[in-house]
Asks: 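The structure that follows is given in the form of structure tokens.
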Amino acid sequence: QVQLVESGGGSVQTGGSLKLSCAASGNLFRNCGMGWYRQAPGKERELVSFIRDIGITTYADSVKGRFTISQDRLKNTVYLQMGSLTTEDTAMYYCAADYRYLYDRCSLSSWRTNYWGQGTQVTVSS
């Protein structure tokens, strides 16, 4: 079973920065990508950023230019560097991963989120 553990959340003032980390454990599956989603109270969960195994990145329009996603493939770890934070970034941030069976293949055009972490809270105050 794949397990995802997030860290790095906390409270910060507007304009500040935080760096989130998510480490995945499990070597019996193929890691096709990892990323971040967030959910604020009363709102639907939304994509923040995702990075494919081959390095292709996707960002929500609301975070482009402010957030940067990166990965360490050898450590199966994904990071999210968040800067210029605003109160609109306040949410629970969830790490998600696209893990597939070893006989399966990664997709170049899409991904799935079949594993999720417990989430880490990010609170931005004005």
Side-chain angles (χ1 to χ4, degrees):
Q1 179 86 336
V2 177
Q3 190 171 44
L4 306 179
V5 180
E6 305 105 324
S7 62
S11 298
V12 66
Q13 293 184 347
T14 298
S17 301
L18 284 173
K19 186 175 183 178
L20 306 182
S21 300
C22 175
S25 61
N27 297 322
L28 299 179
F29 302 91
R30 185 185 307 280
N31 187 344
C32 292
M34 300 177 68
W36 298 90
Y37 289 72
R38 67 186 181 186
Q39 186 170 23
K43 296 184 178 181
E44 296 183 353
R45 186 173 298 184
E46 64 177 357
L47 170 70
V48 177
S49 185
F50 204 91
I51 183 167
R52 317 278 222 291
D53 183 41
I54 60 176
I56 299 175
T57 59
T58 300
Y59 293 94
D61 289 340
S62 60
V63 306
K64 288 181 179 178
R66 300 189 298 119
F67 292 9
T68 301
I69 192 169
S70 61
Q71 65 178 346
D72 186 331
R73 294 294 299 119
L74 294 179
K75 296 181 178 180
N76 286 316
T77 300
V78 66
Y79 307 93
L80 185 68
Q81 180 66 56
M82 306 183 295
S84 300
L85 288 165
T86 74
T87 56
E88 295 297 316
D89 297 313
T90 295
M92 183 72 74
Y93 284 71
Y94 297 92
C95 178
D98 180 356
Y99 266 86
R100 313 191 183 211
Y101 294 109
L102 293 178
Y103 54 78
D104 207 347
R105 292 186 176 276
C106 299
S107 173
L108 296 177
S109 59
S110 63
W111 70 85
R112 65 189 187 190
T113 53
N114 52 350
Y115 287 92
W116 294 86
Q118 292 298 113
T120 184
Q121 178 68 39
V122 172
T123 302
V124 184
S125 60
S126 60

Asks: Side chains of Cys95 and Val78, heavy atoms from C-beta outward: is any pair under 4.5 Å?
Replies: yes
Asks: Under a 4.5 Å cut-off applied to non-hydrogen side-chain atoms, are Phe67 and Leu85 in contact?
Replies: yes
Asks: Any link between Val48 and Ile51 through a network of hydrophobic side chains (Ile, Leu, Val, Met, Phe, Trp, Tyr) touching at under 4.5 Å?
Replies: yes
Asks: Could you work out, with salt bridge (Lys or Arg N to Asp or Glu O under 4.0 Å) as the rule, every residue matching Glu46, not counting sequence neighbours?
Replies: Arg38
Asks: What's the separation between atom CH2 in Trp36 and atom CD1 in Ile69, rounded to the nearest 0.5 Å?
Replies: 8.0 Å
Asks: Is any side-chain heavy atom of Tyr94 closer than 4.5 Å to one of Thr113?
Replies: no
Asks: Can you check whether Ser125's main-chain N or O pairs, donor with acceptor, with Thr87's side chain at less than 3.5 Å?
Replies: no
Asks: To the nearest 0.5 Å, what is the distance between CE (Met34) and SG (Cys22)?
Replies: 4.0 Å
Asks: What is the distance from atom CD1 of Ile54 to atom SG of Cys32, rounded to the nearest 0.5 Å?
Replies: 10.0 Å
Asks: Is there a donor-acceptor pair closer than 3.5 Å between any side-chain N or O of Tyr37 and the backbone N or O of Trp116?
Replies: no
Asks: Please check this pair: side chain of Thr90 against backbone of Val124, looking for a donor-acceptor N/O pair closer than 3.5 Å.
Replies: yes
Asks: Give the minimum heavy-atom separation between Ala24 and Val2, together with the two atoms involved.
Replies: CB-CG1, 4.5 Å
Asks: With a cut-off of 6.0 Å (strictly less than), are more than 12 heavy atoms of other residues, nucleotides or ligands near CD of Gln81?
Replies: yes
Asks: Would you confirm whether Ser49, through its side chain, and Thr58, through its main-chain N or O, come within 3.5 Å as a donor-acceptor pair?
Replies: yes
Asks: Would you mind listing every side chain to side chain donor-acceptor pair (under 3.5 Å) that reaches into residues 64-73, with sequence neighbours excluded?
Replies: Asp53-Arg73, Asp61-Lys64, Arg66-Asp89, Arg73-Asn76
Asks: Let me check something: do Leu80 and Met92 share a hydrophobic cluster, defined by ILVMFWY side-chain heavy atoms less than 4.5 Å apart, either directly or through other members?
Replies: no
Asks: Around atom CD of Gln121, are there more than 12 heavy atoms of other residues, nucleotides or ligands at under 6.0 Å?
Replies: yes
Asks: Can any side-chain N or O of Arg30 pair as donor or acceptor with the backbone N or O of Leu102 at less than 3.5 Å?
Replies: yes
Asks: On a heavy-atom basis, which atom in Trp111 and which in Arg100 lie closest, and how many Å separate them?
Replies: CA-NH2, 4.2 Å
Asks: How about Tyr101 and Phe29: are their ring centroids closer than 6.0 Å?
Replies: yes
Asks: May I ask you to test the Tyr93-Glu6 pair for a side-chain heavy-atom distance under 4.5 Å?
Replies: no
Asks: Count the heavy atoms of every other residue, nucleotide or ligand shown that sit under 6.0 Å from CD of Gln13, and state whether that count exceeds 12.
Replies: no
Asks: Identify the two heavy atoms, one from Ser84 and one from Ser17, that lie closest to each other, and give their separation to 0.1 Å.
Replies: N-OG, 4.4 Å
